[in-house]
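Here's the structure, in structure tokens; my notes come after.
Each chain gets a letter, A, B and so on, in the order its sequence line appears, and its residues count up from 1.
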Amino acid sequence: MEEEGDEEGEEQWDQIWNQGEQDYVAAAGSNTGGLDRMALNDNKAGMGNLDKERINKVIYEMSKGSKYYENEQRKEEQVKAKIAAQHKQIQSFDAREIEKSELQADAMLAAIEEMRDFSRTIVHIDMDAFYAAVEMRDNPSLKNIPMAVGGSAMLSTSNYEARRFGVRAAMPGFIAKKLCPDLVIVPTNFDKYRQVSKDVKEILLQYDPNMCPMSLDEAYLDITQHLAERKNFDAEQKTFRTADGEQRMFGVDAEDVVQEIRFRIEVKTQLTASAGIAPNMMLAKVCSDFNKPNGQYLIPFNRQAVMDFVKDLPVRKVCGIGRVSCSMLGAMGVVTCSDLFRKRGLLLKLYSAISFNYFLRVSAGVGSTSVQRGDDRKSMSTERTFAEINRPAELFAKCYELCEALVEDLKKENLKGKTITLKIKTIKYIVRTKAHSLLNATQDVQLLYSTARDLLRTEIRLCSPEPLRLRLMGVRMSNLSPASKSSDTQITIHQMLKKSRGEQKLPFGAVVSGADRFLSFMEQKDPYVDEDLPGANAFPDEVPHTSTEKDNTEFICPVCDEHPEDCVDLRTFNEHIDLCLFHTNDEKKEEKVEEKGEDFAFKCPVCCVVLKSPLDSFNAHVDACLNRSAIKEILSEESLSTPRKRSSGASPFPAKKPKTDGRHTLLNYFKSPK
DNA sequence: TACATACAC
DNA sequence: AATGGTGTATGTA
């Protein structure tokens with residue numbers, strides 16, 4: 001959406017067009033410790049350099065020294081290294097090579113020219129400061145004050161008053177407050193925006209039934225067909241009224257149609273939209289930004305007009321050329337689209353065929369003319385940022401929580417997936433993803449979790465003996481396919497096992513049978529918590545009475561999948577997990593066991609867990625393990641194997657995060673002392 | 001296939 | 001107290 005980019009223009013670009021980008025980089029560099037990517041990306045007219053400098057200084061002061069800032073520096077270095085590598089490559093080329101490439105590029109360009117198409121009229125509609133505009137509409141007291149939508153962590157958008165202070169989308173609220181102490185931050189109301197978006201879409205569909213929404217506030221239309229039909233419209237079909245009954249009749253040209261669309265949007269929603277009209281989507285998108293807000297712009301449908309438009313257009317304005325590409329291109333003197341043509345010989349040698357072809361098309365002002373909905377979705381994911389989590393038990397609990405949420409979403413769209421990707425972001429903002437593909441697609445929480453958990457376990461082990469300190473975790477399913485009815489009813493061995501297990505025991509002896517009850521069990525108000533866990537209030541780490549029965553099914557280790565005999569309370573449970581994770585097949589384990597001065601210490605040959613139990617319980621454990629193992633062997637194709645053991649994917653944890661102080665929620669009970 | 005990056009919104 | 005979430009595409013190995 002217009003308000004979410006890290007750059008935008010809201011008045012006609014005019015002078016900005018030529019020098020905006022350069023200006024900005026210079027100003028930013030002087031105030032942000034050389035960190036361009038942190039600076040206010042702003043090429044708005046009417047904002048003095050003084051303001052810009054002050055804004056960048058505030059941003060810098062608020063950011064420097066933070067983990068976030070350090071990571072931005074790291075990434076900046078990476079980009080610099082890429083540019084340096086590129087530079088080196090460039091120097092290895094000789095002039096003759098480049099000339100040759102130019103000829104080749106010209107041939108490609110001829111092919112592109114061949115495809116140039118003026119037969120379609122493409123429109124890009126973009127609501128102005130959408131979320132903020134909706135909030136202002138519904139609460140007029142917000143109208144003439146600086147205001148933004150979002151939270152203290154992140155703003156989705158800001159109104160134009162706030163933008164004058166440098167407050168913009170994708171800026172954390174606390175920095176925005178510093179820039180503009182009077183800023184009012186309104187929380188997002190997605191349901192409301194969705195409704196408004198629906199109202200707008202209803203209008204757009206009348207001009208193009210195949211209209212393609214890109215988000216809640218943006219859409220592409222191909223109005224070619226409408227224009228043809230409109231020639232036969234009578235006056236009434238081109239006449240619309242305001243709420244007050246004031247009438248307006250619109251003409252038959254593309255610009256008239258777009259005026260009409262914008263008029264109708266405003267009448268219906270009291271919100272304004274901007275629009276671009278052009279022979280292709282790439283240009284239409286750029287145009288909708290040109291006279292924003294509440295404006296429109298058309299590029300005449302002939303080659304010369306397009307070439308004129310594209311001549312001085314900064315490449316950064318083009319959808320698909322972002323911050324990094326822009327600085328890479330800038331490093332070799334490519335700033336405008338015509339520069340892309342000038343440097344075509346070099347670009348051909350430096351970039352992949354796909355990228356280069358794209359650059360050539362941009363330089364010629366050629367873009368896609370087919371506005372149609374993308375095919376089916378390719379992936380679905382859930383991720384969450386949180387205050388640091390580093391203890392394995394909590395990491396696994398979080399992972400399970402995410403898997404549950406993801407499966408819920410998958411089921412809503414009746415999808416199953418084959419590839420599972422775990423995403424983690426450390427407290428240093430370093431992001432890693434790990435993926436594993438199953439043999440068959442699934443939408444089963446346990447199967448999903450067993451894989452995600454294995455990936456997480458590997459990560460935890462990888463940084464052992466240091467703890468894995470995370471600020472974000474995510475789970476993604478890809479390789480999607482429809483969860484057909486047949487496969488819904490078809491019971492896999494795995495599901496059968498699950499079924500036969502019947503009611504599943506949860507930690508602390510809680511017994512639930514279905515997901516609903518599982519979840520309701522987690523609610524604070526749930527009677528189980530208040531009534532069935534005596535002593536829980538006073539000593540969350542104390543052993544609840546109900547869990548001291550002989551059968552320790554309450555504690556299921558997420559690493560080894562066992563119900564270790566020695567786990568009688570949370571503290572020992574956590575110790576068991578750590579033991580499992582970090583002291584498996586090596587000497588350390590013996591050390592640890594020795595430290596504890598246990599009389600009995602046996603390592604289960606199947607699951608490798610060290611058990612500190614009398615010989616007969618040990619044997620029982622091994623028997624159980626072997627049994628389970630045999631079954632798992634059958635199921636192994638569906639679960640990620642590890643050298644040590646195969647996983648069953650039994651749900652290890654209650655997974656709901658406490659909502660408020662979480663006094664009595666189960667997750668709290670996992671926070672054992674130590 | 002797995003992973004990292006870039007990008008959009 | 002302190003910088004988001006969801007999805008796609010692409011390059012590389």
Rounded distance in Å - CD1 (A:Ile321) to P (C:dA9): 18 Å
At a heavy-atom distance below 4.0 Å, what parts of residues 344-360 of chain A sit against DNA chain C? A:Ser352, A:Ile354, A:Ser355
Using a heavy-atom cut-off of under 4.0 Å over every strand shown, decide if A:Lys82 touches base, sugar-phosphate, or nothing. sugar-phosphate
Using 30° and 60° as the class boundaries, would you call the ring planes of A:Phe190 and A:Tyr131 parallel, tilted or perpendicular? perpendicular
Across the strands shown, which category fits A:Lys285 at heavy-atom distances under 4.0 angstrom: base, sugar-phosphate, nothing? sugar-phosphate
Please determine which of A:Lys428, A:Arg469, A:Lys425, A:Lys398 meets the salt bridge (charged side-chain N to carboxylate O under 4.0 Å, His left out) test together with A:Glu388. A:Arg469
Within residues 468-477 of chain A, find the residues that approach DNA chain C with a heavy atom at under 4.0 Å, and present them sorted by residue number. A:Arg471, A:Leu472
Using a heavy-atom cut-off of 4.0 Å across all strands, would you classify A:Ser325 as base, sugar-phosphate, or nothing? sugar-phosphate
Cation-pi between A:Arg163 and A:Tyr160: NZ/CZ under 6.0 Å from ring centre and within 45° of the ring axis? yes
Below 4.0 angstrom, which residues in residues 185-205 of chain A have at least one non-hydrogen atom near DNA chain C? none
Taking only N and O in the side chain of A:Thr382, is any of them less than 4.0 Å away from OP1 or OP2 of C:dT6? no
Any base atoms under 4.0 Å from A:Glu72, or only sugar-phosphate, or nothing? Heavy atoms, all strands. nothing
